[in-house]
Amino acid sequence: MNKPVFPPLLMGHPAQGGEDPFERAQAMAALGCDGGTVVYNIQADHLRAAIVFAPEVPLQDAMVMLPLCAVGFQNALGALAPPEVAVHLGWDGLIYVNGAKCGMFHVAASTTDPQIEPDWLVVGWELALLQTGGDPGKTPDVTALYDEGCADVSAVQLVESWSRHMLTWLNRWQEDGNAPLHGEWMGLLQGVGEPYEGGVFLGTDERFGMLIRDGSQTRLRPLTELLEN
């Protein structure tokens, strides 16, 4: 299998065996690896990747890298998949293909304090390529990429395309701030306007935090709630 070729600012590192790229990227970040390090693991039924960032802003602002990477992924898969395939994103990191859960984004950082500038921040994602469990008909809300008319989408190409689209959004964010990304993100979010946790999911604020209307009150769930240990 060919290895992904990354843009000049990124450095690819294949994971070994069943190693989790998200965990390995965190370990590499803690040891001081460079920002732009991408760890990936491509298997027949499962694709995983993670990227290390070296933010120069407080954590509450650096968390924008999660929706930025997710939008980059949606753009990448949207460009490679047949036009009838719908790709949407969940605020909590879920990846939806044709309305069913197909993957997940994860995020971790060196701190959980929103006001502190983290030494590193890692965004990882995983995508089911093939369902290897029991009868898929029993779980219609869960799918795999190749079950949704995307058998011709190469996992290597997808990782490469994601890295390019992610960098495009990173450059745009650095030049124009959150607004363009926020507009794109809102158009891709699953469940806006629908019931959520006893209220209604209204959308997100300028820092991509979830806004939930509960009666006359509006609650905010900041993106930092999604940080994993």
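Start at 1 with the first residue, then count along the sequence.
Under the 4.5 Å side-chain criterion, counting only non-hydrogen atoms from C-beta, Ile95 is in contact with Leu127. Contact of the Cys150 side chain with the Pro82 side chain is registered, since non-hydrogen atoms from C-beta on lie closer than 4.5 Å. Contact annotation: the side chain of His88 never approaches that of Gln74 to less than 4.5 Å [non-hydrogen atoms, C-beta and beyond]. Put simply, the side chain of Pro118 does not reach to within 4.5 Å of the side chain of Phe53, judged on heavy atoms. Counting heavy atoms from C-beta outward, Arg172 and Leu181 have side chains that stay 4.5 Å or more apart. Within the 4.5 Å cutoff, the side chain of Asn2 has no heavy atoms near those of the Ser154 side chain. No side-chain heavy atom of Leu145 sits under 4.5 Å from any side-chain heavy atom of Leu47. When side chains are defined from C-beta on, Pro195 does not count as touching Val200, because their heavy atoms never get closer than 4.5 Å.
Within the structure, salt bridge (charged side-chain N to carboxylate O under 4.0 Å, His left out) pairs that include any residue of residues 21-34 comprise Glu19-Arg24 (at least two apart or interchain). Applying the side chain to side chain donor-acceptor pair (under 3.5 Å) test to pairs two or more places apart or on separate chains, those with a residue in residues 179-189 are Asn75-Glu184, His182-Thr204. Counting only residues at least two apart or in different chains, side chain to side chain donor-acceptor pair (under 3.5 Å) contacts with residues 48-58 are absent. Among residues at least two apart or in separate chains, there is no salt bridge (charged side-chain N to carboxylate O under 4.0 Å, His left out) pair with a member in residues 150-171. Each salt bridge (charged side-chain N to carboxylate O under 4.0 Å, His left out) pair with one or both residues in residues 99-127, not counting sequence neighbours, would appear here, but there are none. Residue pairs satisfying the salt bridge (charged side-chain N to carboxylate O under 4.0 Å, His left out) criterion with at least one member in residues 192-212, sequence neighbours excluded, are listed as follows: Asp61-Arg207, Glu197-Arg219, Glu197-Arg221.
Using modelled atom types, no side-chain atom of Trp91 and backbone atom of Gly203 make a donor-acceptor pair closer than 3.5 Å. Under a 3.5 Å cut-off, the side chain of Asn41 and the backbone N or O of Asp20 do not form any donor-acceptor pair.
Counting all heavy atoms, side chain and backbone alike, Pro4 lies closest to Ile42 at CG-CD1, 4.1 Å. When all heavy atoms of Pro140 and Ala100 are compared, the closest pair comes out as O-CB, 3.8 Å. Residues Phe73 and Leu158 approach most closely at CE1-CD2, 4.1 Å, considering heavy atoms. Here the closest non-hydrogen pair linking Gly198 and Asp214 is O-OD1, 3.6 Å. What you find for Pro21 and Ala50 is that their closest heavy atoms are O-CB, 3.6 Å. Across all their heavy atoms, Cys69 and Ile51 have their closest contact at SG-CG2, 4.0 Å.
Residues Met65 and Leu188 share a single hydrophobic cluster, defined by chaining ILVMFWY side chains whose heavy atoms lie under 4.5 Å apart. Note on Leu220 and Val64: separate hydrophobic clusters, where clusters join Ile, Leu, Val, Met, Phe, Trp and Tyr whose side-chain heavy atoms are under 4.5 Å apart, directly or indirectly. Cluster membership check: Leu211 does not share its hydrophobic cluster with Tyr196, using side-chain heavy-atom separations under 4.5 Å among Ile, Leu, Val, Met, Phe, Trp and Tyr. Hydrophobic clustering (ILVMFWY, side-chain heavy atoms < 4.5 Å, transitive): Val97 and Leu80 are in one cluster. The hydrophobic cluster containing Met104 does not contain Val142, counting ILVMFWY residues as joined when their side-chain heavy atoms lie under 4.5 angstrom apart, directly or transitively.
The hydrophobic cluster containing Val122, built from Ile/Leu/Val/Met/Phe/Trp/Tyr side-chain heavy atoms closer than 4.5 Å, also comprises Phe22, Val52, Trp120.
Here Leu121 contributes atom CG and Met63 contributes atom CE; the two are 6.5 Å apart, rounded to the nearest 0.5 Å. Note that CG of Leu59 is 8.0 Å distant from OG of Ser110, once rounded to the nearest 0.5 Å. If you take CG on Asn229 and CD on Gln26, they are separated by 9.0 Å, rounding to the nearest 0.5 Å.
Annotation for Gln217: atom CD does not count as buried by contact number, only 12 or fewer foreign heavy atoms lying within 6.0 Å.
Partners of His165 according to the ring pair (Phe, Tyr, Trp, His ring centres under 6.0 Å) rule, which considers only residues two or more places apart in sequence or in another chain, do not exist here. In this structure, the ring pair (Phe, Tyr, Trp, His ring centres under 6.0 Å) partners of Phe6, at least two apart in sequence or on a different chain, are Tyr40. In this structure Thr218 satisfies the side-chain hydrogen bond (donor to acceptor under 3.5 Å, both in side chains) test together with Arg213, sequence neighbours excluded. In this structure, the side-chain hydrogen bond (donor to acceptor under 3.5 Å, both in side chains) partners of Thr143, at least two apart in sequence or on a different chain, are Glu148.
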Show your working on side-chain contact (heavy atoms from CB on, under 4.5 Å) between Leu66 and Leu223 and close with a plain yes or no.
CA-CA 8 Å; Leu66 175 61; Leu223 274 181; 4.2 Å; yes
Could you walk me through whether Asp45 and Tyr146 satisfy the side-chain contact (heavy atoms from CB on, under 4.5 Å) test, starting with their C-alpha distance in whole Å, then the side-chain angles of each, then the deciding distance to 0.1 Å, before giving a yes or no?
CA-CA 9 Å; Asp45 61 342; Tyr146 295 159; over 6 Å; no
Let's go through Val192 and Leu202 carefully: what are the C-alpha distance in whole Å and the side-chain angles of both, what is the deciding distance for side-chain contact (heavy atoms from CB on, under 4.5 Å) to 0.1 Å, and is it a yes or a no?
CA-CA 6 Å; Val192 176; Leu202 296 180; over 6 Å; no
Can you give me every donor-acceptor pair (side chain of residues 7-16, partner residue at least two apart or in another chain, under 3.5 Å) with its distance?
residue, atom, partner, partner atom, Å
Gln16, NE2, Pro14, O, 3.4

